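See structure below.
Predicted model only: the values in this text are computed from it and were never measured. Every chain is numbered from 1, with letters handed out A, B, ... down the list of sequences.
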Amino acid sequence: MFSEIEARWREYWEKTGLYRTPDEPKNKFYLLEMFAYPSGDIHLGHFRNYTIGDVIWRYRKMQGYDILHPFGWDAFGLPAEQAAIKHKIPPDKWTFSNIERSRDTLRRLSISYDWDREIITASPDYYRWTQWVFLKLYESGLVYRDTSFVNWCPSCKTVLANEQVIAGRCWRCDSVVEKRRLEQWFVRITAYAERLLKGLDKLKGWPENIKTMQRNWIGKSEGTEIDFKIEGTDKSFSVFTTRPDTIFGTTFVTFAPEQPLVDELLPIMPNREEVEKYVQQALLKPEIERSFEGREKDGVFTGLYAINPYNGERVAIWVGDYVLASYGTGVVMAVPAHDQRDFEFAKRYGLPIKVVINPPGCSLDPSTMDAAYTEPGIMTNSGTFDGLPSTEGIRRVTEYGEERGFARSKVTYKLRDWLISRQRYWGAPIPVVHCEKCGIVPVPEDALPVLLPPADKVNFAPRGRSPLEDLPEFMDTTCPVCGGAARRDPDTMDTFVCSSWYHLRYTDPKNEGEPFSKRNVNRWMPVDLYIGGAEHATGHLLYFRFITKLLHDLGYLDVDEPAIALFNHGMVLDANGAVMSKSKGNVVSPVELIENYGVDVARIGILFIAPPERELLWSSEGLKGASRFLERVHNFFCNLSGNDEIFDFDQLPDVDKLRYRKLHWAIKRVKDDIENIQFNTAVAAMMEFLNTLGPRFPDDSSIPNYIARRFIKLLAPFAPHLAEEIWHRMGEKDSIFLSPFPDFDSTALVAETVTIAIQINGKLRATIDLPPDSDEEMVVSSALELDKIRKYVEGKRIVKRFYVKNKLINIVVK
RNA sequence: GCCGGCGUGGCGAAACAGGUAGACGCACUGGACUCAAAAUCCAGCGGAUGUUAAAUCCGUGUCGGUUCGACUCCGACCGCCGGCACCA
């Protein structure tokens, strides 16, 4: 029944350019939903996400905002290559046909995107500027090549960033991630660690849990770095510790197997062979196995000793794979008495345990300890520091070492640099060339884009190196500096680079001379509301903030945080709470919903079933309610016509006074709920209002048009097609979204009577209707007139009374 | 283990600056309309006791506490979900 209505208005809105972004915004609002990876078609999770955004757009539009509401496609990525391998479809064909299909679906859903601003990260006019972002990073000294142990997915046959390793497994295919020593491109996001951390405090509109996740991910830790000399050599190393107060308890030090010094020291190690064997073995173990907590810690003694600079003691140097190479210095001072990991290690290998912190009022005996004592206490066995509280010792020990030049305060972060190269075809090529004479040379800006070669010559079968490497027509080039023969970089960029700046491109999507003009970017940025899933908390949302800060620092835009407010919608699961996936066969397509029920019903259904931030167990049962509601709305209002009645409230008949009040009460609730993104209760408020009108629109009303026009506007953000239809049947010529959202009459919210609860000793015994703001005496005396109240009070003494105006009275009797 | 979040009818959920628990909807039950069904409309719908009534008692994961009054605040615990996970 609604399909004809929906088609009419969908076309009308597109034809009249309702969604077009104003060129000169006066009252700007940048509304952004995370763009989509085009894998097949839009699914129910997308539908929920984009419907939430669409409600906001329609509401803000009716409030007169000038809105930028763009959409695009995160179009590079591995699945396109997998499709190429599996189905012999080229990645570009696969991707672009998915985009066609998904865009078509979004249009059928009438989501209010300005399609003139669509961007596709896999198109050369976009990735040209992704390469430009790379060059800016390069020029800023934030890109470097490094040979180190990196995350390697054996199934995708490519390296991964830390953020793409979920509990030791690949984010895409769930394979256990391995370590490989490779030369790769890194972006120094760690240079922005402090600012990324501090910036979170400004983001008042971000959910606390996302900010906490980012804080933990950045993992700032303040401590001390202490230098140790290696006995019998001129070499030294540093350790990082947050507990310098325990330095006198150091009985050995442990190196991570990957620590570069281990290799260097091998030739002089008395236990060289054992160490070599151990290191080799450790490197073979996947991270997930090594990092399993509770696993017995193992290691090997090198035969070398280091000198504790604080007391000159010799401490054994061990290598152990419980030490992380990539955190701190890759070496720890082991204080078994006061660190649980060191304690376990010492117990296993019979290493000495020396107590240097005693709990207040008692002293520990190493021989009877069955766990490390990690709490603060009083320093002991620590030379001149004895008797000092350990919390103060932290500062004093550091100062002592600083004065003597072998220690310093140090801040360490868990955040690692961002590994951005990928050994894949379907991504933005890294714009550098390797020249034998000149080394690494960035491609000049005016030579961008470095285009991907056509897919027809490419062998996509993963072989652990980029497919581009085997294409001489791509690889062979000339050096931009010396003009001699050179080779291109065969790797492509992590797709998170593409999505780290797309919000900026939307402000100026067709600019051919620059990624975006200053004028346009500053006109729209920052994003006023960013909507998406929480799964991007420590990936995309971190890169997105980082690149915005970088481009701000380089003067390309004014703001240094991309989005002032963030909303995370919940996931859509099936009725049993399982994730919808093709392999489980439980996927519900929005297309099937709109074909069976219509867009408006599907929207109301998905918005009403659960609050937007919560996860949603999908069941089409709930759609019946939505469908009945909209049909009632249609039947109520489809035959009304005409303009607002002019009336004097006091002259209205009582029934209409009541309807007037209820209407304004509904307006207030819907308005408040939209602003708080609580669409489920907004829909409930509209249903409730409709219920108060009765089974059909009351024919005794003297203000039918007044009611109808306002109610329809309340409904418009939620069921736009139906609202537009009724609006036009009421004789309007322009879109309902060009008309203002109704304001509520606050005087109408004051009811003629209020229901007051009467409690005796805190238990509800009766209710009574009284005029609003009645005083306490009046309420009590009216209450005592009631038989059911009198029976509780008779023969007793009223000890106390608590009166909450217009709500309740509690009479305490004894 | 640490950090978040959440536990409310048969189901999805409302209400929390402490103040009538269960709005709104689904399902269900009864009734009206109908030859009948569907649709629609009306009524009921947390549990227990109860002469189907009146009424009373119990109820927001569990156990305690604060309070005239607790789903809401505090303490301990149990369960589920998400994030981090040997970070020195």
Any residue in [range] with a heavy atom nearer than 4.0 angstrom to RNA chain B? Just list them by number, or reply none.
range	answer
residues 674-684 of chain A	A:N680, A:T681, A:A684
residues 252-262 of chain A	none
residues 406-419 of chain A	A:K414, A:R416

Rounded to whole angstroms, how far apart are [atom1] on [X] and [atom2] on [N]?
X	N	atom1	atom2	result
A:N691	B:rC26	CG	C1'	14 Å
A:N162	B:rG83	CG	P	16 Å
A:I760	B:rU20	CD1	P	16 Å
A:Y597	B:rG25	OH	C1'	15 Å
A:L808	B:rA21	CG	P	9 Å
A:M686	B:rA23	CE	P	19 Å
A:L617	B:rC6	CG	C1'	13 Å
A:M213	B:rG5	CE	C1'	10 Å

Show me the donor-acceptor pairs within less than 3.5 Å that the side chains of residues 797-808 of chain A make with the rest of the protein, sequence neighbours left out.
unit_1: A:R801; atom_1: NE; unit_2: A:E776; atom_2: OE2; d: 3.1
unit_1: A:R801; atom_1: NH2; unit_2: A:E777; atom_2: OE2; d: 2.8
unit_1: A:Y803; atom_1: OH; unit_2: A:S774; atom_2: O; d: 2.6
unit_1: A:N806; atom_1: OD1; unit_2: A:D773; atom_2: N; d: 2.6
unit_1: A:N806; atom_1: ND2; unit_2: A:D773; atom_2: OD1; d: 2.9

Has [X] got a side-chain atom pairing as donor or acceptor with [Y]'s backbone, closer than 3.5 angstrom?
X	Y	result
A:D775	A:M778	yes
A:Y792	A:N761	no
A:N49	A:G45	no
A:R603	A:P717	yes

Readout for nucleotides 41-50 of chain B: B = base within 4.0 Å of protein heavy atom, S = sugar-phosphate only, - = neither; 5' to 3' it is SS--------

Treating primed atoms plus P, OP1 and OP2 as sugar-phosphate and everything else as base, which nucleotides of nucleotides 63-73 of chain B get B, S or - for protein heavy atoms under 4.0 Å? -----B-----

A:R661: what forms a salt bridge (charged side-chain N to carboxylate O under 4.0 Å, His left out) with it, not counting sequence neighbours? A:E752

Got a sec, which residues hit salt bridge (charged side-chain N to carboxylate O under 4.0 Å, His left out) with A:E688, two or more places apart in sequence or on another chain? A:R669

Which is true for [X] with a 4.0 Å heavy-atom rule: it touches a base, it touches only sugar-phosphate, or it touches nothing?
X	value
A:V239	nothing
A:I609	sugar-phosphate
A:R614	sugar-phosphate
A:T241	sugar-phosphate
A:T755	base

Interatomic distance at [atom1], [N] relative to [M], whole Å:
N	M	atom1	answer
B:rU72	B:rC16	C1'	4 Å
B:rU52	B:rA43	C1'	15 Å
B:rU49	B:rA39	P	34 Å
B:rU40	B:rC26	P	9 Å
B:rC58	B:rC71	P	13 Å
B:rA85	B:rC11	C1'	37 Å
B:rU8	B:rC63	P	16 Å
B:rC2	B:rA76	P	13 Å

Kindly say whether the aromatic ring centers of A:F252 and A:F345 come within a distance under 6.0 Å. yes

Compute the ring centroids of A:F255 and A:W318, then answer whether they are less than 6.0 Å apart. no

Check this one for me: any side-chain N or O of [X] less than 4.0 Å away from OP1 or OP2 of [N]?
X	N	value
A:N216	B:rA85	no
A:S221	B:rA88	yes
A:R169	B:rA85	no

For the residue pair A:F496 and A:W171, does the interplanar ring angle fall in the parallel (under 30°), tilted (30 to 60°) or perpendicular (over 60°) class? tilted

Could you check whether the rings of A:H540 and A:H536 sit parallel, tilted or perpendicular, using 30° and 60° as the cut-offs? perpendicular

Before you tell me yes or no, could you show the steps for A:L573 and A:W618 under side chain to side chain contact (heavy atoms under 4.5 Å, CB included), namely the whole-Å CA-CA distance, both residues' side-chain angles and the distance that decides it to 0.1 Å? CA-CA 6 Å; A:L573 306 171; A:W618 178 254; over 6 Å; no

side-chain hydrogen bond (donor to acceptor under 3.5 Å, both in side chains) partners of residues 238-261 of chain A, not counting sequence neighbours, each pair once: A:D227-A:S238, A:R243-A:D245, A:T254-A:Y322, A:E258-A:R290

Counting heavy atoms from C-beta on, name the nucleotide in B:rU20, B:rA85, B:rA14 closest to the side chain of A:W217. B:rA85

Starting at CG of A:N810, measure out to CD1 of A:I760 and round the result to the nearest 0.5 Å. 7.5 Å

Only Watson-Crick and G-U wobble pairs, only distances under 3.5 Å, only runs of 3 or more: what stems does that leave for RNA chain B?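 The stems that RNA chain B takes part in, listed by first number, are B:1-7 with B:78-84, B:10-12 with B:24-26, B:28-32 with B:40-44, B:46-49 with B:55-58, B:61-65 with B:73-77.
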
Any side-chain heavy atom of A:E613 sitting closer than 4.5 Å to one from A:I677? no

Distance-only donor-acceptor check, side chains [X] and [Y], under 3.5 Å:
X	Y	value
A:T681	A:D673	yes
A:S326	A:R416	yes
A:E163	A:W217	yes

Residues A:R628 and A:E631 bridged, charged N to O under 4.0 Å: no

When you check the glycosidic angle of B:rG9, does it come out syn, meaning within 90° of 0, or anti? syn

Write out all pairs satisfying ring pair (Phe, Tyr, Trp, His ring centres under 6.0 Å) with one or both partners inside residues 671-698 of chain A, taking only residues at least two apart or from two chains.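 Every ring pair (Phe, Tyr, Trp, His ring centres under 6.0 Å) pair that includes a residue of residues 671-698 of chain A, provided the two are not neighbours, is A:F637-A:F697, A:F679-A:F718, A:F689-A:F711.
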
Return the polar atom pairs (N/O with N/O) between nucleotides 55-58 of chain B and the protein under 3.5 Å, or none.
unit_1: B:rU56; atom_1: OP1; unit_2: A:Y792; atom_2: OH; d: 2.5
unit_1: B:rC57; atom_1: OP1; unit_2: A:R765; atom_2: NH2; d: 3.3
unit_1: B:rC57; atom_1: OP2; unit_2: A:R765; atom_2: NH1; d: 3.1
unit_1: B:rC58; atom_1: OP2; unit_2: A:K763; atom_2: NZ; d: 2.8

